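Atom set for the values below is all heavy atoms of this structure, side chains included, hydrogens, waters and symmetry mates excluded. Please read these numbers as outputs of a predicted model, since none were measured by experiment.
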Amino acid sequence: MTLTQLEIFSLVAELQGFTSAAHRLGVSQSAVSHAIKALEQELGVELFRRHQSLVVPSDIGQQLLGRARAMLGLANTLQQEAADARGMKRGTLRIGSFGPTASIRLLPGILERFRAAHPGIEVHVDEGPDRQVLEWLDERRIDVGFVVLEQDRFDTFALFEDQMVALLPADHPLAARDTLTLQDLCDDPFILTQAGSSELVSRLFGAAQLRPKVRYRCAQLLSTLDAVSRGDGVSIVAEASLPLLPDTRYVRRPLSPREPRQIGLAVLDRRQSSPATLAFIEIAQRLAETSIFAPAHLSSKHS
């Protein structure tokens, strides 16, 4: 059993296909098939089953996949620690990011400084919904991920706090108010952004024993902004996820009471994190201390 076989095993499972894995690795499909067959023969089990046009892990394959990714993670840490002794000149860092808050407001500044300090580290960034970033951490597909805090099962590092705000069409009668309550938003059709903080928004209404009139479920924030701008309804989003340039078609209003949202970084286990991962976290924390992440329109203190 080799690390290369385990890497191919993990990649075939992730991409659900031998051809896709071969393209990603830059090798022939027969090389991928041979590696999987050799691994199956050594382990004495069938790792994959064909499901329509996809290749999916068998029951035992799914069980062993977690172990394989753990071994690959530890091997990467070993390589990183060796690279650290040489001045961290080589290595790989896998980052999970979500939405505009992390991918646009936070990540670029951190990456700029990280690459300047460690130009030899190859950085991979995967973007998905915040709940998918948590799955990637659990599955060891990434080394570090941006998350909404709190996350008890991970080691976390707070970076940035924004707030949830109400979005209204510019000509809405409530637009004249300075702040809005959740109750204020229960009379109009409500637009829920599925890819954003939908779970947090649902919890807010549930805790207040209120039920918004959800009429639209948008997959992307941009769709939500367009729907609000057309007057199709109202919404609640994280303020830091909104575009930096103002848009006269809609207005944002803080909630009363204020509803904060804390953003941070998470790793599965800090003690097993690679030097590159820890260096990335350290740079992110230094930037957070300078409040560089705080947009000018946020009135709260950020840390």
> Give, for atom CZ of Phe160 and atom CD of Gln262, the distance between the pair rounded to the nearest 0.5 Å.
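Nearest 0.5 Å value for the CZ-CD distance: 9.0 Å.
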> Once you round to the nearest 0.5 Å, how far does CG of Leu39 lie from NE2 of His34?
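Between Leu39 CG and His34 NE2, I get 11.0 Å after rounding to 0.5 Å.
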> To check you understand the geometry: which heavy-atom pair defines the closest contact between Gln220 and Thr193, and what is its length?
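Nearest heavy atoms, Gln220 then Thr193: C-CG2, 3.9 Å.
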> Check whether any side-chain heavy atom of Val147 lies under 4.5 Å from a side-chain heavy atom of Asp130, and answer yes or no.
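When only atoms from C-beta onward are counted, Asp130 and Val147 do not touch, as no gap falls below 4.5 Å.
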> So, Gln29 versus Thr19: side-chain donor-acceptor pair below 3.5 Å or not?
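Side chains of Gln29 and Thr19: pair found under 3.5 Å.
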> Could you tell me if Thr181 and Asp184 have a donor-acceptor pair between their side chains, going purely by distance under 3.5 Å?
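Judged by distance alone, the side chains do pair up.
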> What's the separation between atom CD in Glu135 and atom CD1 in Ile142, rounded to the nearest 0.5 Å?
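Glu135 atom CD to Ile142 atom CD1 measures 10.5 Å (nearest 0.5 Å).
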> Indicate yes or no: at least one non-hydrogen side-chain atom of Leu72 is less than 4.5 angstrom from one of Arg140.
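No. Closest side-chain heavy atoms not under 4.5 Å.
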> Within the structure provided, determine whether Arg50 and Val55 are in side-chain contact (heavy-atom separation under 4.5 Å).
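A side-chain contact exists here, since the closest heavy-atom pair is under 4.5 Å.
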> Is it the case that the side chains of Ser30 and Ser33 hold a donor-acceptor pair, with the cut-off being a distance below 3.5 Å and no angle test?
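Side chains of Ser33 and Ser30: no pair found under 3.5 Å.
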> What are the two closest heavy atoms between Arg253 and Ala175, and how far apart are they?
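Minimum heavy-atom separation between Arg253 and Ala175: NH2-O, 2.8 Å.
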> I'd like to know if the side chain of Thr2 pairs up with that of Thr4 as donor and acceptor (distance under 3.5 Å, no hydrogens or angles considered).
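Checked: Thr2/Thr4 side chains show no N/O donor-acceptor pair below 3.5 Å.
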> With a 6.0 Å cut-off (strictly less than), is the heavy-atom count around CG of Asp269, excluding the residue itself, greater than 12?
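Correct, the count exceeds 12.
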> Would a single hydrophobic cluster contain both Trp136 and Leu149, if residues Ile, Leu, Val, Met, Phe, Trp and Tyr are joined by side-chain heavy-atom contacts under 4.5 Å?
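Yes: a chain of side-chain contacts under 4.5 Å links Leu149 to Trp136.
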> Check whether more than 12 heavy atoms from other residues, nucleotides or ligands sit under 6.0 Å from atom CZ of Arg211, and answer yes or no.
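No, the 6.0 Å shell around CZ holds no more than 12 heavy atoms from other groups.
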> Are Leu134 and Phe154 close enough, and set up right, to give a side chain to side chain contact (heavy atoms under 4.5 Å, CB included), and what steps lead you there?
CA-CA 9 Å; Leu134 298 177; Phe154 302 111; 3.7 Å; yes
> How many angstroms lie between atom CG of Asp126 and atom CD of Gln132, to the nearest 0.5 angstrom?
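Taking CG in Asp126 and CD in Gln132, the distance rounds to 8.5 Å.
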> Return the minimal non-hydrogen interatomic distance between Leu11 and Ala21, and the atom names on each side.
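Shortest heavy-atom contact: CD2-O, 3.8 Å.
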> Only counting residues at least two apart or in another chain, list the ones meeting side-chain contact (heavy atoms from CB on, under 4.5 Å) with Pro100.
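With neighbours one apart ignored, the set is Ile104, Leu221, Ser241.
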> Under 3.5 Å, side chain of Asp155 to main-chain N/O of Arg270, donor-acceptor pair present?
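Indeed, once roles are kept as given, a pair shorter than 3.5 Å links the two residues.
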> Ala276 and Phe114: which non-hydrogen atoms are nearest, and at how many Å?
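Scanning both residues completely, I find the closest heavy atoms to be O-CE1, 3.5 Å.
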> With rounding to the nearest 0.5 Å, note down the distance linking NE2 in His118 to CZ in Arg115.
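Result: 13.0 Å between the selected atoms.
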> Run the salt-bridge test on Arg249 and Asp226 with the 4.0 Å N-O cut-off and return the result as yes or no.
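Yes.
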> Do Leu106 and Leu278 share a hydrophobic cluster, counting only Ile, Leu, Val, Met, Phe, Trp and Tyr and linking them when any side-chain heavy atoms are less than 4.5 Å apart?
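No.
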> Is there a donor-acceptor pair closer than 3.5 Å between any side-chain N or O of Asp143 and the backbone N or O of Arg94?
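Looks like yes, one N/O pair under 3.5 Å.
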> Give a yes-or-no answer on whether the side chains of Ser10 and Arg69 include a donor-acceptor pair shorter than 3.5 Å.
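Yes.
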> Under 4.0 Å between a side-chain nitrogen and a carboxylate oxygen: does that hold for Glu161 and Arg258?
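A salt bridge is present here (some side-chain N lies under 4.0 Å from a carboxylate O).
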> Distance only, no hydrogens: is a donor on one side chain within 3.5 Å (strictly under) of an acceptor on the other, for Ser103 and Glu127?
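The answer is yes; a qualifying pair exists.
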> We want to know whether Arg261 and Thr101 form a side-chain donor-acceptor pair, criterion being a heavy-atom distance below 3.5 angstrom.
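Yes - a donor-acceptor pair under 3.5 Å links their side chains.
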> Can you name the closest pair of heavy atoms from Ser229 and Tyr250 and give their distance?
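Where Ser229 meets Tyr250 most closely, the heavy atoms are OG-CD2, 3.4 Å.
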> In sequence, state the C-alpha distance, the side-chain angles, and the governing distance for Leu265 and Gln285, and then conclude on side chain to side chain contact (heavy atoms under 4.5 Å, CB included).
CA-CA 9 Å; Leu265 291 170; Gln285 289 182 309; over 6 Å; no
> Check whether any side-chain heavy atom of Ile95 sits under 4.5 Å from a side-chain heavy atom of Leu93, and report yes or no.
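The answer is yes, as the side chains (C-beta and beyond) meet within the 4.5 Å cut-off.
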> Quick one: does any side-chain atom of Arg113 pair with a main-chain N or O of Gly109 as donor and acceptor, under 3.5 Å?
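It does hold such a pair.
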> Asp162 side chain to Ala240 main-chain N or O, any donor-acceptor pair under 3.5 Å?
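Yes, Asp162 side chain to Ala240 backbone: donor-acceptor pair under 3.5 Å.
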> Any non-hydrogen side-chain atom of Arg252 less than 4.5 Å from a side-chain atom of Glu239?
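Result yes, sub-4.5 Å side-chain heavy-atom pair found.
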> Supply the atom-to-atom distance Ile8 CD1 to Phe18 CZ, rounded to the nearest 0.5 angstrom.
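Answer rounded to 0.5 Å: 10.0 Å.
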> Please step through salt bridge (charged side-chain N to carboxylate O under 4.0 Å, His left out) for the pair Glu46 and Arg49, ending with a clear verdict.
CA-CA 8 Å; Glu46 184 182 33; Arg49 299 183 189 280; 3.2 Å; yes
> What verdict does the side chain to side chain contact (heavy atoms under 4.5 Å, CB included) test give for Leu167 and Leu242, after you've listed the backbone C-alpha separation in whole Å, the side-chain angles of each residue and the deciding distance to 0.1 Å?
CA-CA 10 Å; Leu167 287 187; Leu242 293 172; 4.1 Å; yes
> Report yes or no: do Leu222 and Val165 belong to one cluster of Ile/Leu/Val/Met/Phe/Trp/Tyr joined by side chain heavy-atom distances under 4.5 Å?
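Different hydrophobic clusters.
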> Leu268 and Met71: same hydrophobic cluster, using ILVMFWY side-chain contacts below 4.5 Å?
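In one cluster with Leu268: Met71, no.
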> Using a strict 4.0 Å threshold on nitrogen-to-oxygen distance, state whether Glu282 and Arg286 make a salt bridge.
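Answer for the salt bridge query: yes.
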> Applying side chain to side chain donor-acceptor pair (under 3.5 Å), name anything that partners Arg153, two or more places apart in sequence or on another chain.
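Partners of Arg153 by the side chain to side chain donor-acceptor pair (under 3.5 Å) criterion, ordered by chain and then number, come out as Asp138.
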> Counting N and O atoms only, with roles assigned by atom type, does the side chain of Gln151 sit under 3.5 Å from a partner on the main chain of Val148, one being a donor and the other an acceptor?
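Yes: the side chain of Gln151 pairs with the backbone of Val148.
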> Transitive ILVMFWY cluster of Val251 at side-chain heavy atoms under 4.5 Å: who else is in it?
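Met164, Leu168, Leu174, Leu180, Leu182, Leu185, Phe190, Leu192, Leu200, Val201, Leu204, Phe205, Leu210, Val214, Val234, Ile236, Leu255, which link up through side-chain heavy atoms under 4.5 Å apart, make up the rest of the cluster.
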> Please tell me whether Leu54 and Val12 are part of a single hydrophobic cluster in this structure, the criterion being side-chain heavy atoms less than 4.5 Å apart.
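They do not share one cluster, since no chain of ILVMFWY contacts under 4.5 Å joins Leu54 to Val12.
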> Measure across Cys218 and Ile191 and return the closest heavy-atom pair with its distance rounded to 0.1 Å.
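Minimum heavy-atom contact is SG-CG2, 3.7 Å.
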> After noting the C-alpha distance and the side-chain angles of Thr92 and Ile121, does the key distance pass the side chain to side chain contact (heavy atoms under 4.5 Å, CB included) rule?
CA-CA 5 Å; Thr92 302; Ile121 301 297; 5.8 Å; no
> Going by atom types only, do Ser235 and Thr224 share a side-chain donor-acceptor pair under 3.5 Å?
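On atom types as modelled, these side chains do not qualify, holding no pair under 3.5 Å.
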> Tell me whether the count of non-hydrogen atoms from other residues, nucleotides or ligands lying under 6.0 Å of NE2 in His124 goes above 12.
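Check passes, neighbour count above 12.
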> So does Ser273 get a backbone contact from the side chain of Thr277, meaning a donor-acceptor N/O pair under 3.5 Å?
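No, because the side chain of Thr277 does not come within donor-acceptor range (under 3.5 Å) of the backbone of Ser273.
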